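Let me begin by presenting the structure, written as C-alpha cells, before commenting on it.
Quantities reported herein were computed from a predicted structural model and do not represent experimental measurements. Residue numbers start from 1 in every chain, and the chains themselves are labelled A, B, ... in the order their sequence lines are given, proteins ahead of strands. Basis for what follows: all heavy atoms, side chains included, without hydrogens, waters or symmetry-related copies.
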Protein chains: 2
Amino acid sequence: MEEATTDGRVLRGEATRERVLDAAERLFAAEGFDAVSIRRIAAEAGVTLGVVGFHGGSKQKLFRTVLERRVEALNAARRARLAELRAQDATLEMRDLVDGYLTPYLDHASRGDPQWRAYARLIARIVSDDRWYPEVGGLYDPVAQEYLDAMHELRPGVPREELVTALTLTVASMLSLVASRARIAGLSGREAGGPMDYRETLIAFCLGGIEAVAAHGR
Amino acid sequence: MEEATTDGRVLRGEATRERVLDAAERLFAAEGFDAVSIRRIAAEAGVTLGVVGFHGGSKQKLFRTVLERRVEALNAARRARLAELRAQDATLEMRDLVDGYLTPYLDHASRGDPQWRAYARLIARIVSDDRWYPEVGGLYDPVAQEYLDAMHELRPGVPREELVTALTLTVASMLSLVASRARIAGLSGREAGGPMDYRETLIAFCLGGIEAVAAHGR
DNA sequence: TGACAATTTATACGCTCGTACAGATAGTTT
DNA sequence: AAACTATCTGTACGAGCGTATAAATTGTCA
C-alpha cells in the first residue's frame with residue numbers, strides 16, 4: 001500500500017491525497033460542484049468517506065485545491081513561451097503571442113493525460129460562474145497581464161481595455177472549443193475526427209479577432 | 001389575487017405559473033440547476049412548495065421549460081433579420097450576418113428586462129454543460145444552419161466545417177461577454193461603464209475571426 | 001519493543017432535498 | 001344551490017447531504 005519516492009522518503013498519505021484530488025477533478029469537471037457529493041468522490045477514488053475530509057478539508061476547500069493545483073504549471077509554461085519569444089532576434093508577432101498563450105492549455109487539454117483534460121473542462125465550467133471565478137480566476141491574471149503588456153507594445157495605439165476584451169474573448173473561445181468539440185462535429189454533420197482538429201482554426205479565429213479589434217480601436 | 005387579460009378571460013393559474021418560471025429563471029441563471037432547490041424557487045416566487053410542482057412538474061421538467069420558454073422569440077428575431085437582409089438590394093455582407101445573429105441576444109441581455117438578462121446568463125451557463133446542452137441546444141440549431149447557409153453563399157470556397165467552428169466560437173464569445181463584463185472591467189482596471197460598452201468590440205472580434213478563418217480555409 | 005504520530009475506518013447527527021398526496025379553497029358550469 | 005374542476009395548502013416520507021469524531025490501524029523512531 002506504500003509508495004516510495006526516488007529520494008527514499010516513504011509516503012502513504014501523499015499518494016492517497018493525489019488519488020482523492022484526481023477523483024474530485026474528474027467528477028467536478030464532468031458534473032460541477034453541486035452535483036457531486038463527497039461520498040461519490042470517495043467512491044471514485046476508492047477510499048472511505050473520512051479520508052476525503054482528512055486530505056481535502058471541507059468540500060469548498062477541496063474544490064479550491066483542485067482548481068489551484070495546476071495553475072502554476074500553466075502559468076510557468078506561458079511565461080516560458082513569452083520569455084522565449086522575447087529572447088529571439090526576430091520581431092515579436094501577434095500570432096506568436098496568441099499561440100504562446102493558447103498552446104499550453106490546448107496541449108494539455110487535447111493530448112495530455114485524462115486528468116489534465118478534466119481540469120481543462122473544469123476551468124471552462126468555472127469561467128462562466130460568478131460563484132467560483134472570483135476565487136480562482138485571479139490566479140491567471142498576472143500572466144495575462146504580461147501578455148497584455150506584450151500586446152500593448154505591439155499595438156501601442158490601441159486602448160488597453162480593447163486588448164483586454166480581445167484577450168478575454170480569446171480565452172473564452174479557447175475554453176469553449178474544449179467543451180464543444182462534439183457539438184461542432186454534430187452541427188457540421190460528421191463524426192469527431194482526430195484529436196483537436198480545430199486548433200489551427202481556433203488560432204486563426206482568435207488572431208483575426210484580435211487584429212480586427214486592434215484595427216477598430218484606432 | 002386574480003388578473004384579467006384584455007379579452008376579459010380570467011386566469012388565476014397562468015399568472016402564478018409565470019411567476020414560478022420567472023423565479024426559477026433568475027435562480028437557475030445565478031446559481032445553476034443543482035445549487036437551487038424547489039423550495040427556494042417557491043420562496044422567490046412567493047408561492048408554496050406544492051405550487052411549483054403543480055405548474056412546473058419535476059425539477060428537470062421545470063428547468064427545461066425555463067430554457068425553452070424564450071427560444072422561439074430569439075429564433076424569430078434572428079430569422080426576421082436574415083429575411084430583411086435577403087430582401088434588400090445591396091449585397092449581403094458578412095458583417096450583417098454577424099450583427100444579425102448577435103444583436104437579438106445582446107439587446108435582450110443588456111437593455112431588456114431582468115428576466116431576459118437572467119435567461120442570457122442561463123444560456124451562457126448551459127452551453128458548457130454536457131448534461132443540459134444536448135437537451136436544449138438543438139433548438140437553436142435550425143436557425144444557426146440558416147445563417148451558415150448564408151455564410152456559405154458568401155464564401156463558397158470555405159469548407160462548411162470551418163464556418164461551423166467559426167460560428168460556434170462567435171456564439172461562445174457572445175455568451176462569455178454577457179458573463180464576463182465585470183471581469184473585463186477588473187482586468188483593465190476601471191469600473192464597469194454604461195450598458196454593454198463592448199458590443200462593438202465583440203462584433204469586430206467575431207467578424208475579424210470569421211474572416212480570418214474563411215481566408216485560412218482557402 | 002514500546003511510545004508516538006499519521007492515517008484510515010466506521011458511525012452518527014442534524015439538515016435539506018425532490019416528490020407525492022390528502023384535503024381545503026375558489027371559479028365555473030349546470 | 002349543487003356539482004365539478006382547477007388551483008392551492010400543508011404535511012409527510014425516504015434518501016442523501018456535509019461534517020464531526022471516537023476508535024482502530026499502520027508506520028516511524030527513540
Could you tell me which residues satisfy side chain to side chain donor-acceptor pair (under 3.5 Å) with A:Arg121, sequence neighbours excluded, listed by chain and number?
-> B:Asp130

Under 3.5 Å, which N/O atoms of the protein pair with N/O atoms of nucleotides 17-19 of chain C?
| unit_1 | atom_1 | unit_2 | atom_2 | d |
| --- | --- | --- | --- | --- |
| C:dC17 | OP1 | B:Ser37 | OG | 2.9 |
| C:dG18 | OP1 | B:Lys59 | NZ | 2.8 |
| C:dG18 | OP2 | B:Ile38 | N | 2.9 |
| C:dG18 | N7 | B:Arg39 | NH1 | 2.7 |
| C:dG18 | O6 | B:Arg39 | NH2 | 2.8 |
| C:dT19 | OP2 | B:Lys59 | N | 3.0 |

Does a side-chain N or O from B:His55 land closer than 4.0 Å to OP1 or OP2 of D:dA6, or not?
-> no

To the nearest Å, how far apart are A:Ile41 CD1 and D:dT19 P?
-> 11 Å

Has the side chain of B:Tyr147 got a donor or acceptor atom that lies under 3.5 Å from a matching backbone atom of B:Arg78?
-> yes

Results of ring pair (Phe, Tyr, Trp, His ring centres under 6.0 Å) for B:Tyr119 - residues two or more places apart only | B:Trp116

In whole Å, what is the span from the CZ atom of A:Phe54 to the C1' atom of C:dA10?
-> 16 Å

Nearest whole angstrom, please: distance from the P of C:dT7 to the CD of A:Glu14.
-> 8 Å

Set of side chain to side chain donor-acceptor pair (under 3.5 Å) partners for A:Glu68, sequence neighbours left out = none

Can you check whether B:Thr16 has a side-chain N or O nearer than 4.0 Å to OP1 or OP2 of D:dT7?
-> no

Salt bridge (charged side-chain N to carboxylate O under 4.0 Å, His left out) pairs, two or more places apart, involving residues 43-53 of chain A | A:Arg26-A:Glu44

Those residues that, when tested against B:Phe33, pass ring pair (Phe, Tyr, Trp, His ring centres under 6.0 Å) (two or more places apart) | B:Phe28, B:Phe63, B:Trp132

